Amino acid sequence: MKVSMCLLLAVTTATSTTGFQLLRPFTRNSAALRATSTRLSSSTRLSSTTTDDDKEYDYDLLVIGGGSGGVRASRIASGYGAKVALLESRLKHGIAPEYSAIGGTCVNVGCVPKKLMVFASRYPGEIKEMEGYGWKGATEGTFDWKVFLEKKNEEITRLNNVYQNFVLKNAGVEVIEATGSLNGPNSVSIHTTATGETTSVTAKNILIAVGGWPFKPNNVPGIEHAITSNEIFYLEEQPKRIVVVGGGFIALEFPSIMDGLGSDVILMYRGDLFLRGFDGDMRNHLKEEMENNSGVDVRFNTDPKEIIKKEHADGTSTLVVVDQDGKELECDAVMYATGRKGKTDGLNLESAGVHTEGSFIPVNDYSQTNVPGIYAVGDITNRMALTPVALMEGHRLSDTLFGGLDRPVDHEYIASTVFTTPEIGTVGYTEEDAAAKFGDIDVYKNRFRAMKHSFPKSETYSLFKIIVDSKTQRVVGCHVATDGAGEMVQGVAIAIKMGATKDDFDNTIGIHPTSAEELVTMRTPSYYYRDGEKTDTLE
């Protein structure tokens with residue numbers, strides 16, 4: 001289908017109030033144009049780096065990074081008829097020091113292998129409760145780390161193949177095993193992994209989707225002996241004693257995992273309470289559950305001062321963590337989960353004038369950098385480091401660039417889960433943020449023992465919480481700590497994103513007997529906020 005010249009002339013470049021230029025529609029003559037004139041708007045389009053639409057480039061879109069955001073953007077853009085190439089340094093996982101490969105952090109050293117570990121770690125807890133249900137003689141058995149890793153690696157290899165040969169190649173995306181660096185605003189140097197050769201190509205649009213990298217502080221002597229969430233998936237032996245350092249969701253998930261798999265775990269966090277930014281009640285509830293119902297030794301207000309490698313006469317070695325009080329902790333592994341940095345090293349962003357903030361690349365609501373035609377999505381932008389968010393950002397960018405749609409990103413009411421035991425599922429505003437934003441809110445909450453745990457007399461508790469904007473009665477937050485919280489909150493997130501009110505929740509019939517029915521049976525607020533101040537009653 002040829003593009004109407006009237007249509008092209010009608011779509012002009014504009015400059016937004018934020019200083020970013022607005023996008024033009026995709027006009028590659030050889031591609032199948034999906035847009036119609038009614039879907040194109042000069043006020044919502046980003047411009048490419050040139051006003052000459054007839055200029056020839058090697059690619060309409062070149063993507064640096066084969067993680068979630070880059071893969072999604074590539075596939076969608078190619079589906080609109082764009083000529084797309086994607087660069088990823090590895091097509092097979094497990095090769096140090098990257099360990100990651102096509103599919104990105106999530107597939108290789110993140111969500112997928114972690115969730116497999118979560119599943120494995122929870123079987124002992126199930127077995128412990130079996131006697132309460134009448135089963136006799138059940139034991140936990142012995143976890144075989146090597147067998148698990150072998151099966152895990154088989155699964156990740158399968159997914160690498162799916163991403164490369166089915167998701168991307170079947171969509172018409174050219175996949176190149178290489179890294180990329182900018183060489184000006186429309187040029188990329190491709191550094192081939194296998195040969196080390198460097199070639200240069202041009203692209204009308206460039207997307208940076210290289211993700212993040214675990215951060216280890218360089219002011220701790222012996223830090224080179226510590227591992228991160230990358231290496232733990234490839235350790236040859238299970239560390240029987242492990243110290244985990246950090247207070248974010250990764251730092252909380254791995255102690256739960258390793259404890260469930262039979263390791264002795266110490267969690268060290270420099271602050272008073274972990275999971276900063278999550279709802280306060282959920283943070284405290286998880287602290288209580290970990291202290292009362294797990295083997296994790298949780299230590300607040302402490303941090304390693306030094307890590308010493310201790311060699312033994314039999315040829316083995318252990319690590320000694322010296323904390324800030326001078327106490328020594330001997331262990332087999334130290335894992336740092338103290339944050340992530342953007343992987344901007346080697347991108348040569350300065351050659352195109354791309355602005356950075358620390359190791360991250362700031363972008364506008366259309367994922368455009370300060371340079372027209374150069375975009376960034378996913379963890380490298382430091383917006384919200386979640387796989388589904390990167391997918392959304394990449395998809396919407398390609399819809400806008402090549403599909404003729406106006407699709408800015410939307411980061412409000414995004415659900416997420418902390419895969420600890422118990423899980424924490426959350427969507428919307430925390431109590432603290434809701435009180436600050438809306439002023440007047442009603443808070444509904446209930447702490448109870450779920451039927452599954454109360455019957456065998458386990459002291460495991462669930463916590464459910466709903467936050468309502470008093471003026472509109474819209475549910476603006478939902479936080480759940482219980483078994484399967486992630487599966488539960490995903491469904492709730494749909495309702496909250498659609499603007500469901502407390503009446504909508506109340507008018508929904510619960511499924512009995514389930515823990516989830518608590519979401520539609522809490523009728524009386526536990527307390528209120530008025531003008532941002534907490535009150536137990538209303539006069």
Side-chain angles (χ1 to χ4, degrees), residues 249 252 271-293 300 412-418 420 422-451 453-454 459-483 485 488-489 491-493 495-510 512 514-539:
F249 69 92
L252 270 292
D272 295 325
L273 187 61
F274 43 53
L275 290 182
R276 185 177 60 183
F278 285 77
D279 186 87
D281 282 329
M282 295 294 129
R283 298 168 70 195
N284 280 297
H285 181 79
L286 182 60
K287 172 181 175 289
E288 293 173 5
E289 288 297 310
M290 291 184 74
E291 291 177 341
N292 297 333
N293 296 310
F300 294 108
E412 191 174 31
Y413 298 111
I414 291 174
S416 63
T417 298
V418 184
T420 46
E423 290 181 6
I424 294 177
T426 177
V427 58
Y429 293 87
T430 65
E431 176 182 322
E432 297 80 6
D433 290 342
K437 180 177 177 64
F438 300 103
D440 296 352
I441 60 172
D442 304 335
V443 180
Y444 299 77
K445 97 179 153 180
N446 192 19
R447 180 177 180 268
F448 60 94
R449 278 197 300 170
M451 179 187 292
H453 302 300
S454 65
E459 291 296 321
T460 299
Y461 285 83
S462 297
L463 179 62
F464 281 60
K465 186 172 184 180
I466 294 175
I467 301 165
V468 178
D469 176 6
S470 304
K471 297 182 180 69
T472 64
Q473 284 299 295
R474 179 177 180 176
V475 177
V476 296
C478 178
H479 310 277
V480 174
T482 193
D483 301 327
M488 192 182 300
V489 169
V492 177
I496 292 179
K497 186 68 175 175
M498 293 176 67
T501 64
K502 186 61 170 64
D503 283 344
D504 293 325
F505 275 56
D506 294 343
N507 288 330
T508 302
I509 305 301
H512 183 75
T514 65
S515 294
E517 65 182 309
E518 198 69 25
L519 293 169
V520 297
T521 57
M522 289 188 284
R523 292 289 190 265
T524 305
S526 301
Y527 47 87
Y528 312 83
Y529 282 78
R530 291 299 180 263
D531 294 324
E533 298 295 326
K534 184 177 179 180
T535 178
D536 292 330
T537 59
L538 295 178
E539 295 182 0

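Note that the coordinates shown come from a computational prediction; the quantities given were computed from them, not determined experimentally.
The aromatic rings of Y429 and F438 stand perpendicular to each other, their planes meeting at an angle above 60°, with 30° marking the opposite boundary.
Of all heavy-atom pairs between V476 and A434, the closest is CG2-CB, 4.4 Å. Smallest separation of non-hydrogen atoms from T430 and G277: CG2-O, 3.6 Å. Pairing each heavy atom of A481 with each of H285, the nearest pair is CB-CD2, 3.5 Å. The nearest pair of heavy atoms linking Y444 to P525 is CE2-N, 3.3 Å.
Considering only heavy atoms from C-beta on, S515 comes within 4.5 Å of F448 through its side chain. Residues N284 and L273 are in side-chain contact: their nearest non-hydrogen atoms beyond the backbone lie under 4.5 Å apart. The shortest side-chain heavy-atom distance between K465 and M522 does not fall under the 4.5 Å cut-off. Put simply, the side chain of H479 does not reach to within 4.5 Å of the side chain of I424, judged on heavy atoms. At least one side-chain heavy atom of F274 sits under 4.5 Å from a side-chain heavy atom of L286. Taking the side chain as every heavy atom from C-beta outward, Y528 and D440 never approach each other to under 4.5 Å. Within the 4.5 Å cutoff, the side chain of T417 has no heavy atoms near those of the V489 side chain. In this structure, M488 and L519 have side chains that are in contact, with non-hydrogen atoms separated by less than 4.5 Å.
Salt bridge K471/D442: absent, no basic N to carboxylate O contact under 4.0 Å. Taking the charged nitrogens against the carboxylate oxygens, R449 and E459 do have a contact shorter than 4.0 Å, which makes a salt bridge.
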Test side chain to side chain donor-acceptor pair (under 3.5 Å) on N293 and E289 and set out the steps.
CA-CA 5 Å; N293 296 310; E289 288 297 310; 2.8 Å; yes
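Side chain of T501 to backbone of R474: no donor-acceptor contact under 3.5 angstrom is found. S526 places a side-chain N or O within donor-acceptor distance of the main-chain N or O of K445, the cut-off being under 3.5 Å. In this structure, E423 contributes its side chain and T420 its backbone to no donor-acceptor pair below 3.5 Å.
Taking CG from D281 and CG from L463, the interatomic distance works out to 6.0 Å, rounded to the nearest 0.5 Å. Within the model, atoms CG of N446 and CZ of F464 stand 9.0 Å from one another, a figure rounded to the nearest 0.5 Å. The distance from atom CG of L538 to atom CZ of R530, rounded to the nearest 0.5 Å, is 4.5 Å. Distance check: K502 NZ to N507 CG gives 9.5 Å after rounding to the nearest 0.5 Å.
Cation-pi geometry between K534 and Y527 is satisfied (NZ or CZ under 6.0 Å from the ring centre, within 45° of the ring normal). Note that K287 lies outside the cation-pi zone of F300, set by a 6.0 Å cut-off to the ring centre and a 45° limit from the axis. At least one cation-pi condition fails for R283 and F278: the charged atom is not both under 6.0 angstrom from the six-membered ring centre and inside a 45 degree cone around its axis.
Between D279 and the choices I467, D433, T426, the side chain to side chain contact (heavy atoms under 4.5 Å, CB included) rule is met once, by I467.
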